[in-house]
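Encoded as structure tokens, the structure appears first; notes follow it.
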Amino acid sequence: MDIDGRVRTHHDELIQLRRDFHQHPELGFQEHRTSKIITDYLGDLGLDVKTMAQTGAVGLLRGSAEGPTLLMRADMDAIPVQEENPVSYRSVHAGRMHGCGHDGHMAMLLVAARILADCRDRVRGNIKFAFQPNEEDAGAHLMVDEGLLLDPGVDAALGLHLWSSLETGKVAVRPGPVMAASHYFLLTVKGEGGHAGFAHHSVDPIAASAEIVGSIQSIQTRENDPTHPIVIMFCRVEGGSSPTIIPEKVEMEGSIRFLDSDGEAIRESFERVVRGVCEAHRADYDLEFQVGNHVLANDPSMAGFVRDVAKKVVGGGVTEGTRTMAGEDFSEFSMRVPSAFYFIGSGNREKGTDYPHHHPRFDIDEDSLSIGVKMHIRTALEFFGRL
Ligand SMILES: [Zn+2]
Ligand SMILES: [Zn+2]
């Protein structure tokens, strides 16, 4: 089957879909316009289409024979950033943009669904094309809760991300952990308020908080095995209202990230430092943790399979790539079924598409899109052994 030829035939449609999504970005669980375009498109292909997880959609392609079910997933949401790209398809919504590449993910999976639906005689099993809302804030579990992996039961899952720090023409895939777990913390350091002139009559939560921010770093540098990276970041610190008043409390929020460490142990270390510093300062604290994303770990055999396919698509462009401390809720699927999540290079310095994800100038090299479509089609057909 001439996959390259078929992808070329749909090239204009691919770019047009991507630019349309790009121009009309919608935030997590608000992807109403996006969802309508997707459900109409999948419906036109003759797939069984269901709305899930508020604004998500899944299209089921039943192949020509009984066989396993493969899940292929694209995420749908934009981010709350003001776009600064001077392009014709620039976001029409102030303060929102597709700054992570999910516009490209949807366009690639839709065009792949069209081509795969055209050759369903080669699909010996089923493909679920899942369009998932709210990836930026862990929306995947809602699709799992609503039964995405059931009826027919999903046997394996594939996902990809366009990646601006990887050059166009490269595909990165590796076995094991690839994207980090992220646990969020909300810490309130409680003191006793009072006059800045009589600090000895108060308990200053600001001094205690500042010391906590500094001391916590020693978990990363002195307590943790540095060959198993962890990241602890304070991203919001809030307390006080005036230059003369010692506040009652300081609130701090942030995240703890790790790839192959024991999250429970890191949380215990975190609380031990907080407790110790607070005690030293006569302060008290409340501490809550919440799991954002679990570790995204690739099944070794699925990762090997994707790697073999990628060699046929980009030849020498296959790389192991780096692991990243960013989170990705594809982990909700990878922790339940054998999965691979891989990266399609979309960075091109000359075209200015090498800005980091979530940057106001983030954009993708559209030449990378057809590589993603080819990867989707080849992985799907080879999964069923019918290329
Ligand atoms: Zn993102
Ligand atoms: Zn993303």
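Atoms within a ligand are numbered from 1 in the order they appear, just like the ligands themselves.
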Q: For Asp2, look at atom CG and say whether over 12 heavy atoms of other residues, nucleotides or ligands are found less than 6.0 Å away.
A: yes
Q. In Å, rounded to the nearest 0.5 Å, how long is the span from CE of Met143 to CZ of Phe333?
A. 6.5 Å
Q | Vertex the Zn ion (ligand 1), arms to Glu136 OE2 and His358 NE2, rounded to 10° | A | 100°
Q. Is the distance from the Zn ion (ligand 2) to some N, O or S atom of Cys100 under 2.8 Å?
A. yes
Q | Close aromatic pair by centroid cut-off 6.0 Å: His183 and Phe258 | A | yes
Q) Strictly by modelled atom types, are Ser202 and Asp204 linked by a side-chain donor-acceptor pair under 3.5 Å? A) no
Q) Do any of the N, O or S atoms of His102 sit under 2.8 Å from the Zn ion (ligand 2)? A) yes
